[in-house]
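Computation of the quantities below employed the complete heavy-atom set of this structure, encompassing side-chain atoms and omitting hydrogens, waters and symmetry-equivalent molecules.
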Amino acid sequence: MHDPVLTALPPDPLALLREPLARLLTLAGPVSGTETLAAGAAMGRALAAPILALHDVPPFDQSAMDGYALGPPEGAGTAWRVTTRLAAGDAPVGALAPGEAARIFTGAPVPGGARSVLQQEKAKPLGEGIAVPANWPAGANIRLRGEDVRAGATLLAAGQRMDARHIALAVAAGHGALSVTRRLRVALASTGSELRQAGSGLGSGQVHDSNGPMLRAMLAAPDVELVEIGILPDEPLRLRDALLRASEEVDLIVTTGGVSVGEEDHMVGAILAAGGKIEVVHLPIRPGKPVKAGHLGAAVILALPGNPLAAYVNFWLVGRRVLDGLAGTPARPLRPLAVRSGFREERRPGRVEFAPARFAGTDPSGLPVVELLGRGSSARLAPLAAADGLCVIGPEVLRVEEGDLLALLPF
């Protein structure tokens, strides 16, 4: 299956979102505070300072093969005498004289005077030594000191989110411990008098809070410390007080529900009553409503819709990037894949639509074909759970036909 990035699909279906998303990210500046971790414990953490190589990598000339390190030739047709043996971890030995060779193994230090390493399968016995193929090239099968990294070179920039590749590079260059941005403290609250905890019994008119566990899972990361507020009823004073308490402890407050304009939607009023500032950023997306984001004290606050699919899409688009801004890392890019439509539909233009979709085969060129799942209410969770990603349909599209080129943001 092809895995093409959506660079060849004009127009960009996400173009309408890039400016408002960038505006939202300006709300979240990097937090202060660092900690030092063993390099192996830095997975998923953001570097607080650049990483420079403490020594050359490799730190000495190494053999890249099992075979023979060859000194200068002694004469045409003369056998090389094997005078020493070197394995990985052995200390270097003295220089090889003309006509001398060292039995050597991958990773071992190459002796001084060695011009190349001959793979063992190419060596032929000749008298008490070995014969070398004619015109064997100088430098063959030797990893030169510093050919990967030079001492003092900048390896990783501040803000780099570390993964296994970056950890390996830092350790190879001499680092046993790394300075990283402290963990982000994030408070999470679900609002709604109808909500009950997962697994509890339900009375008339009550539903289980699925947004809280969903967002808790989306927030699970090595650099996030979650502060649970839990379920808050639709009572303005209790909302205000809970937000105030949280703002004194955390870097980010994430809430779901109560952001519409109904009589029981109190979140925006509670934020303002607590002394917060709100910026309503219109993200022209379906599902979802305008994103309410701002500050309460020193904390960033992100108020998401209560409908589960809308909450998921908004946090996936906005919340993760707010976390990146707080950690001082580059915002995670949106990289849609090119796919073919396996469906037909009429649609209302004007908004970027994110619809749960799953793979349904490939077209003759190898591009994935997708089908939509469970169109309709943004409160539906079953289609989201069955999807392979979100199909992105641009705001200008009036009709989708089978075989049309579309975009997919894979999970």
List in chain and number order the residues that pass salt bridge (charged side-chain N to carboxylate O under 4.0 Å, His left out) with [X], two or more places apart in sequence or in another chain; answer none if no residue qualifies.
X	value
D388	none
R81	E74
R344	E401
R320	none

Pairs flagged by salt bridge (Lys or Arg N to Asp or Glu O under 4.0 Å) wherever [range] is involved - sequence neighbours left out:
range	result
residues 129-141	none
residues 306-315	none
residues 203-216	R216-E228

Hey, are the side chains of [X] and [Y] touching, using non-hydrogen atoms and a 4.5 Å cut-off?
X	Y	value
V369	V339	no
E147	Q62	no
W136	S116	yes
F315	L215	yes
V117	I104	yes
R161	D223	yes
L239	T255	no

Please give me the minimum heavy-atom distance between A293 and L302, naming the atom from each residue.
CB-CD1, 4.0 Å

Taking all non-hydrogen atoms of both residues, which atom of L406 and which atom of S341 are closest, and how far apart?
CD1-CB, 3.7 Å

[X]: which residues meet the side chain to side chain contact (heavy atoms under 4.5 Å, CB included) condition with it, sequence neighbours left out?
X	value
F105	D66, R85, A87, R103
A246	A187, I229, I253
V268	L272, K292
D61	V110, I142, L144, R145

Looking at [X] and [Y], does any basic side-chain N land under 4.0 Å from a carboxylate oxygen?
X	Y	result
R399	E345	no
R340	E402	no
R185	D251	no

Do any N or O atoms from the side chain of R321 and from the backbone of W316 form a donor-acceptor pair under 3.5 angstrom?
yes

Short question: side chain of R115, backbone of A138 - any donor-acceptor pair under 3.5 Å?
no

Please list every donor-acceptor pair under 3.5 Å in which a side-chain atom of residues 27-53 meets a protein atom from a residue at least two apart or in another chain.
residue: E35; atom: OE2; partner: R45; partner atom: NH2; Å: 2.5
residue: R45; atom: NH2; partner: T181; partner atom: O; Å: 3.0

Counting neighbours of CZ on R23 that are heavy atoms of other residues, nucleotides or ligands and sit closer than 6.0 Å, is the number greater than 12?
yes

Return yes when atom CD of Q197 has more than 12 non-hydrogen atoms of other residues, nucleotides or ligands closer than 6.0 Å, and no otherwise.
no

Using the rule given for side-chain contact (heavy atoms from CB on, under 4.5 Å), can you reason through L252 versus I301, listing the C-alpha separation, both sets of side-chain angles and the distance that settles it, and then say yes or no?
CA-CA 6 Å; L252 172 65; I301 188 160; over 6 Å; no

